[in-house]
Amino acid sequence: MGTSSVPVIDLEDFPSQSDKLIEACEEWGCFRVVNHRIPAALMAAMKAVVRALLDLPPEIKRRNAGVSAGSGYVSPTKVNPLYEGLGLYDIASTEAVRSFCSQLDASPHQRETILKYSEAVHELAMDIGGKIAESMGLSRDLFNEWVCQFRINKYSFTPETVGLPGVQIHTDNGLLTILQDDENVGGLEVMDKTTGVYVPVDPMPGSFLVNLGDLATVWSNGRFYNVKHRVQCLEATVRFSIALFMLGPKQAAVEAPPELVDDEHPRLYVPINSEEYKRLRLSTGMRAGEALALFRSGSS
Ligand SMILES: O=C(O)CCC(=O)C(=O)O
Ligand SMILES: [Fe+2]
């Protein structure tokens, strides 16, 4: 197996890379992006802020209350004892970002970094969503109003935990996830669609990883692959990652646009409300795409 061959998409080379992008969505359910215009200095500054926030005492981290399922502080649990995360529901809301900063007593410098980064990564999400839509022959602003949740993750790996899972096998529930994975510490693995084998996604400093979630399969009428992935502890080092989850439209349900449905490609899924879908996954424990089967068209 060795090094993974997750496709790399150059965001400055469009529309030339449109076919490569769609093929990555269909065959891998994930890809790396380069030339994304987020400065390396901002990525590094954000990483330092993430480390500082997740190193805060538990009683402060607990002030990061969630407004929707799983959007606030997640402490280590029996199932995932090595993992914890902080987050906020709507990264496009400056007010939500400011309140996140206040909950955690962020310094003026940390606030500035978080505000800049959240703006930049939201813009990147819109750019990537737009490029996917355009590459399918659709309008590039289809996803403009979609809610993006933000989460920062810490994995407290020790010598005793090498070989154990940091996060169990799952798919992401939304349309797509943009991940600044740890540039030094590996451990993320994605399932190869054809072999079912988990392949390491080696760090690639300066890039972001994009994963497609369950609602990408729904939106694309079954064309896109909701990639299963996990994080393994490979070494006794703390690992950090920063994620934006593009969840779904604020009000409307997620469904395949009419252009992706015809006689040869009948509609595979009924419209799905993304918040309900997320809650269903959490309450049933169906975290690896199994819940999609409940929404097949024609089944009841
Ligand atoms: O930390 C990572 O690299 C991946 C995290 C992840 O898969 C998730 O938060 O859904
Ligand atoms: Fe994930």
Side-chain angles (χ1 to χ4, degrees), residues 4 6 25 28-33 43 46-47 50-51 53-54 64 66 68-77 79-89 91 121 125 147-157 161 164-191 193 198-217 224-235 237-248 274 277-278 281-282 285-292:
S4 74
V6 168
C25 293
W28 282 87
C30 65
F31 50 90
R32 283 209 179 267
V33 294
M43 292 175 76
M46 187 62 192
K47 170 91 185 286
V50 162
R51 178 185 291 271
L53 295 181
L54 283 159
N64 173 221
S68 92
S71 72
Y73 180 53
V74 177
S75 61
T77 61
V79 182
N80 284 324
L82 309 180
Y83 169 82
E84 65 185 304
L86 295 162
L88 70 110
Y89 172 64
I91 198 177
V121 78
V147 178
C148 295
Q149 186 174 336
F150 189 56
R151 194 154 75 208
I152 59 179
N153 306 311
K154 175 184 182 180
Y155 303 86
S156 301
F157 296 151
T161 67
L164 297 179
V167 163
Q168 296 177 317
I169 293 172
H170 67 280
T171 57
D172 293 342
N173 68 267
L175 183 89
L176 57 81
T177 303
I178 300 188
L179 188 75
Q180 181 180 332
D181 53 329
D182 199 301
E183 78 279 25
N184 303 311
V185 189
L188 181 62
E189 300 181 348
V190 295
M191 195 184 92
K193 185 183 173 184
Y198 279 83
V199 297
V201 180
D202 296 325
M204 182 176 167
S207 73
F208 289 83
L209 183 76
V210 180
N211 286 329
L212 299 192
D214 291 356
L215 295 180
T217 302
F224 292 172
Y225 175 57
N226 52 335
V227 64
K228 291 192 179 73
H229 54 284
R230 65 181 175 191
V231 177
Q232 291 289 103
C233 169
L234 302 180
E235 48 181 308
T237 321
V238 181
R239 178 178 183 275
F240 294 96
S241 65
I242 308 172
L244 173 150
F245 302 94
M246 200 194 281
L247 296 179
S274 70
Y277 185 69
K278 185 164 65 161
R281 280 178 39 125
L282 288 172
M286 294 193 277
R287 309 247 175 122
E290 306 90 338
L292 279 182

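In listed order, ligands and their atoms are each counted from 1. What you see below is based on every heavy atom in this structure, not just the backbone, and it leaves out hydrogens, waters and symmetry mates.
- The cationic atom of R51 (NZ for Lys, CZ for Arg) does not lie both less than 6.0 Å from the six-membered ring centre of F240 and within 45° of the ring axis.
- Legend: residues meeting side chain to side chain donor-acceptor pair (under 3.5 Å) with S274, ordered by chain and number and at least two apart, are absent.
- Considering backbone and side-chain atoms alike, D181 places every N or O at 3.5 Å or more from each N or O of ligand 1.
- No side-chain donor-acceptor contact under 3.5 Å links R230 to the backbone of Q168.
- Near L179, with a cut-off below 4.0 Å to any heavy atom, the atoms of ligand 1 are 2 (C), 3 (O), 4 (C).
- Within the 3.5 Å criterion, the main-chain N or O of V167 finds no donor-acceptor partner in the side chain of N80.
- Counting only protein atoms, the N, O or S atoms lying less than 2.8 Å from the Fe ion (ligand 2) are H170 NE2, D172 OD1, H229 NE2, ordered by chain and residue number.
- Residue T171 holds its OG1 atom at 11.0 Å from CG of L212, rounded to the nearest 0.5 Å.
- Summary of contacts: the protein heavy atom closest to atom 3 (O) of ligand 1 is R239 NH2, 2.8 Å.
- N173 places no side-chain N or O within 3.5 Å of a backbone atom of L215 that could act as its donor or acceptor partner.
- The shortest contact between atom 5 (C) of ligand 1 and any protein heavy atom is with Y155 OH, 3.4 Å.
- Distance alone, capped at 3.5 Å, places no donor-acceptor pair between the N153 side chain and the G85 backbone.
- Interface atoms of ligand 1 facing H229, defined by a heavy-atom separation under 4.0 Å, are 7 (O).
- Regarding atom 6 (C) of ligand 1, its nearest protein heavy-atom neighbour is H170 NE2, 3.8 Å.
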Are V201 and R32 close enough, and set up right, to give a side chain to side chain contact (heavy atoms under 4.5 Å, CB included), and what steps lead you there?
CA-CA 10 Å; V201 180; R32 283 209 179 267; 3.5 Å; yes
